[in-house]
Amino acid sequence: MAVLAKSRVVAVCGSIVFTDIVGFTEFTALRGDEDALALLAAQERVVRRVLPVGARVVKELGDGLLLWFPDSADALRTAFALHRSFEQESAASGLPLWVRVGMHHGHALPRGADLVGHDVNVAARIVDLAGPGEVLISEATRTDVDARLPQACFEELGPVVMKGIPDPVRLFRATLN
Amino acid sequence: MSLPPPDPHTLARPSLRISTSSGRVKVIAEARADVVVDRGGTTKTLPDGVVEVRPTKVSGALEVRCPVGTDVVVGTASAGVELIGQFGSVRVTTASGSIKTGSVSQADLRSASGKVGVDECAGRCRASTKSGTVTVSVAGEAEVSSVSGTVTIEAVDGTVEVRTVSGKVSIGTKGGGPVGAQTMSGAISIRIPRGMRPAIRMAGRRPVRTDCEQGDDITIDVSTISGAVEIVPS
């Protein structure tokens, strides 16, 4: 019987960020495929513009993105910049870039260009709870950012029980002063 | 009787924290000084003074009684949550259950697919759901988002921000702050006090149906791709 060797892949530590365009399916139905493509292009344009050195787009998930940041403060700063830019882009283009953001700080295992692991799953669950224009972060992110982003405000939403995640996760709504 | 907005300089109010996977959660605020669990859980007072309620079963119903004005945090995967009485700041997150509150000083309520209902919120009422409806009877301010659920805010004093994808929006404002409503396909209906002259800013190609004389008494920003828009005196 073959014995599966344990992975020798080295885990990376950083912030995992999911973005999601709210109402993308409905927008596509209302405005058509061409406008849907334009909306995705607008999102990509904004993300490429504000992504700091060291961070990367891990993959596209339909109308969402999985982003990776080595540093949590950079991740949060970028999330704020994304929302500001999405609002400006929406106003200029008339395209509804209603984006929500969920963020968790932890470990992930690289699998090719992709990232997998429990902390990736937690981040994916967090974005599900965010409203359009919101940034929700886990306690791990809040702790790691600490006082490095003094202009950020954190409002605790409490321990949240998420599907498939054994322990409640304390969530915070992050805003910019 | 409504509660005043929270004052950060006053002494700390009692604070309650509940997290459970599933099963109905009912919290009753009444004239008492302590927190008791009537059904389904035990209490533990944390070093910071917060009373944590822990369920004794994975999926049983939980019923808790607490003092009037208690701040409440509830996190659950699939339970419905009902808060009866007068509370302080309330934060509830549930993946698929409904949320219903009595009178609160401020609220942050999130449900992925359940209904959200608020009787009275003295301060800011933030609510978010995907497919459930959101109904707020009275609020100081309101910030509501939904994907397909209908949003109804019957009476709000100050600022209102509502965003839905296909859900209908109905807002009754008392005129104390700007109103913003954005949808993709949902119809928007805004009622303003009779005699008030709104400054209407419309993004999109849909005409606004209104009998109101234009002015600058209140700013109303509306945006929709295909929804009908009406602004009418109440």
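Applying a 4.5 Å heavy-atom cutoff, none of the residues of residues 111-119 of chain B approach chain A. Chain B is approached within less than 4.5 Å, heavy atom to heavy atom, by no residue from residues 44-58 of chain A. Residues of residues 145-154 of chain B lying under 4.5 angstrom from chain A, judged on non-hydrogen atoms, are B:Ser145, B:Val147 in numerical order. Listed by sequence position, A:Asp128, A:Leu129, A:Ala130 are the residues of residues 119-130 of chain A in contact with chain B, using a 4.5 angstrom heavy-atom cutoff.
The contact between B:Thr183 and chain A is made entirely by backbone atoms, counting heavy-atom distances below 4.5 Å. The part of B:Glu143 that comes within reach of chain A is its side chain, from C-beta onward, which places non-hydrogen atoms under 4.5 angstrom from that chain. For chain A, the nearby part of B:Thr164 is the backbone; its heavy atoms alone come within less than 4.5 Å.
The main-chain N or O of A:Phe86 is never found under 3.5 Å from a side-chain atom of A:Glu89 such that the two would form a donor-acceptor pair. A donor-acceptor distance shorter than 3.5 angstrom exists from the side chain of A:Thr143 to the backbone of A:Glu139, with no hydrogens or angles considered.
No hydrogens or angles considered: nothing links the side chains of A:Thr28 and A:Thr25 as a donor-acceptor pair under 3.5 Å. Side-chain contact, B:Ser15 with B:Asp71: no donor N or O sits under 3.5 Å from an acceptor N or O.
A salt bridge links B:Arg124 with A:Glu155: the closest approach of a Lys/Arg side-chain nitrogen to an acidic carboxylate oxygen falls below 4.0 angstrom. Here A:Asp144 pairs with A:Arg148 in a salt bridge; the nearest charged N to carboxylate O distance falls below 4.0 Å.
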